[in-house]
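The structure appears right after this line, and notes come after that.
Per chain, numbering begins at 1; letters A, B, ... match sequence-line order.
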There are 2 protein chains.
Amino acid sequence: MDDSPQWLTVEQQRVWRELLRLTTRLPARLNRQLEEDSGLSLADVDVLVGLTDVPDGRARVTEFARGLGWERSRLSHQVARMERAGLVRREVCEDDGRGSYVAVTDAGRSAIGSAAPAHLALVRDLVVDALSDDDLGRLGVLVGAVLERIAASD
Amino acid sequence: MDDSPQWLTVEQQRVWRELLRLTTRLPARLNRQLEEDSGLSLADVDVLVGLTDVPDGRARVTEFARGLGWERSRLSHQVARMERAGLVRREVCEDDGRGSYVAVTDAGRSAIGSAAPAHLALVRDLVVDALSDDDLGRLGVLVGAVLERIAASD
DNA sequence: GTATCATACGTGACGTATCACGTATAATGT
DNA sequence: ACATTATACGTGATACGTCACGTATGATAC
């Protein structure tokens, strides 16, 4: 009977359903605001923020994907879309013929510069200011514990 | 200066990034296990669980979507896919010519019956058992606060 | 009765995210 | 040197989720 699956309690189900709900509602809300204000998507923002944070504005694809916590091919596809939009460009890697760099363009820098204030204001409104500092820290610890379980079960 | 957007602190950014990571990693992990074990998707499971929980195994589309916390057209598309797979069927509503019911089929009941144990075991492993009872309750409260902010900002 | 407004819901277009697969290059072993 | 293994990463296929739009039906006002 050790391994027999058990149905969730009512309370456990409630928390579980809320978590699932969050996985679609949160990105959707942010995407809607971003689309209205700037034409960017949340994925565009993540990539642009990541690239503008590194010294020469470029990163190797696989390492960058790891840093974002994304699947490699998710980044490849996203970069392809962003390249078509002129937000990033791919650059050959001189040292390693296998791979390439993703580099932010001037248009990309400009786009994220314009989009960031309103986007961050909404992130504040929805998440940061919804909780006390203690609670935000606590949320981070709890979500971190779940992410560790996910990583361990891969 | 009241409305000026502010950059997130390092700690706030960390929690924010973890939340974003969770929105893709959690469904992806559950989907992978479900696909391997049963060929169902997490969305299939949500619909089937929802339908097997109501008395005659059927529900009106708009109300059911609301209950799941889904966009209406998300459910319509999902039902179309599940109908093709024989998991549910649409039934005419006798009292209201505008709408229809989604009803679970025998195959659907069987599929969710087979898939549920392993799926719930993974939900337990990743979420429920990753936290103490107190922490799980706390997570629910914190996520609930964020969901309220999202609902309020729509 | 008719017109207008409201509601239910399905569909198309599109962007997104994962998985499988394949190609090109680098590293390693012999 | 050559063969084998490993790595980097791009692409296609598919399922998914949102938004816009449209049709059909019901409710309401006159």
Side-chain angles (χ1 to χ4, degrees), chain A residues 20-36 39-47 59-66 68-85 87-102 150 154, chain B residues 20-36 39-47 59-66 68-85 87-102 150 154:
Chain A
L20 278 186
R21 196 178 202 122
L22 191 76
T23 65
T24 55
R25 303 251 57 75
L26 183 58
R29 186 64 191 87
L30 289 151
N31 270 304
R32 194 181 311 132
Q33 177 269 321
L34 279 165
E35 169 59 37
E36 284 170 9
L40 295 179
S41 66
L42 188 52
D44 291 338
V45 167
D46 283 345
V47 169
R60 291 293 295 271
V61 169
T62 298
E63 185 187 353
F64 188 34
R66 208 177 296 122
L68 291 172
W70 286 16
E71 298 278 343
R72 261 196 318 92
S73 73
R74 175 185 182 188
L75 184 59
S76 290
H77 282 297
Q78 188 62 34
V79 164
R81 291 192 283 273
M82 292 176 76
E83 211 176 7
R84 289 200 290 277
L87 297 169
V88 300
R89 69 177 166 268
R90 284 186 162 110
E91 292 177 357
V92 158
C93 178
E94 308 81 12
D95 299 327
D96 188 342
R98 289 170 300 183
S100 56
Y101 285 101
V102 186
I150 293 170
D154 274 337
Chain B
L20 276 186
R21 199 177 198 124
L22 191 76
T23 66
T24 54
R25 302 252 56 74
L26 182 59
R29 186 63 192 85
L30 290 150
N31 269 305
R32 195 180 312 133
Q33 176 269 319
L34 279 165
E35 170 57 37
E36 285 170 6
L40 296 179
S41 68
L42 188 51
D44 291 338
V45 166
D46 284 346
V47 170
R60 291 291 299 268
V61 169
T62 300
E63 184 187 356
F64 188 35
R66 206 178 296 125
L68 292 172
W70 287 15
E71 300 276 345
R72 257 193 324 90
S73 72
R74 176 184 181 187
L75 183 60
S76 288
H77 281 298
Q78 191 62 32
V79 164
R81 291 190 279 272
M82 293 176 76
E83 212 178 3
R84 288 200 292 275
L87 298 168
V88 299
R89 71 180 164 263
R90 283 184 164 111
E91 292 175 358
V92 159
C93 178
E94 308 82 12
D95 298 329
D96 190 342
R98 291 170 298 183
S100 55
Y101 285 100
V102 186
I150 293 169
D154 275 334

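- You'll find a donor-acceptor pair under 3.5 Å spanning the side chain of B/Ser73 and the base of D/dC19, going by distance alone.
- Put simply, CG on A/Leu30 is 13 Å from P on D/dT18, counting in whole angstrom units.
- Counting any heavy atom pair closer than 4.0 Å across all strands shown, B/Gln78 reaches sugar-phosphate atoms only and no base atom.
- Toward the 5' end of DNA chain D, the nearer of the two residues B/Arg72 and A/Arg66, judged by each one's closest nucleotide, is A/Arg66.
- The environment of B/Glu63 atom CD is sparse: at most 12 non-hydrogen atoms of other residues, nucleotides or ligands sit within 6.0 angstrom.
- Distance from the side chain of A/His77 is smallest to C/dT18 among C/dT18, D/dT18, D/dC9.
- Annotation: proximity of residues 92-101 of chain B to DNA chain C (heavy atom, distance under 4.0 Å) is found for B/Arg98, B/Gly99, B/Ser100, numbered in ascending order.
- Residue contacts shown for A/Arg29 are absent, as no nucleic acid heavy atom lies under 4.0 Å away.
- Within the structure, a side-chain polar atom (N or O) of A/Ser41 is placed less than 4.0 Å from OP1 or OP2 of C/dT16.
- Applying the 4.0 Å criterion to OP1 and OP2 of C/dG15, one finds that A/Arg81 has every side-chain N and O outside that range.
- When distances run from any side-chain atom of A/Arg32 to the nucleotides D/dG17, D/dC9, D/dC19, the shortest one goes to D/dC19.
- C/dT16 atom P lies 10 Å from atom CG of A/Leu40, rounded to whole Å.
- Sequence order on DNA chain D of the closest nucleotides to A/Glu63 and A/Arg25 puts A/Glu63 first from the 5' end.
- Backbone-only engagement by B/Arg90 is indicated by non-hydrogen atom pairs under 4.0 Å involving sugar-phosphate atoms exclusively.
- Of the side-chain N and O atoms in B/Arg60, none sit less than 4.0 angstrom from OP1 or OP2 of C/dA8.
- Residue contacts for B/Thr62: at a heavy-atom cut-off of 4.0 Å it reaches the sugar-phosphate backbone alone, with no base atom in range.
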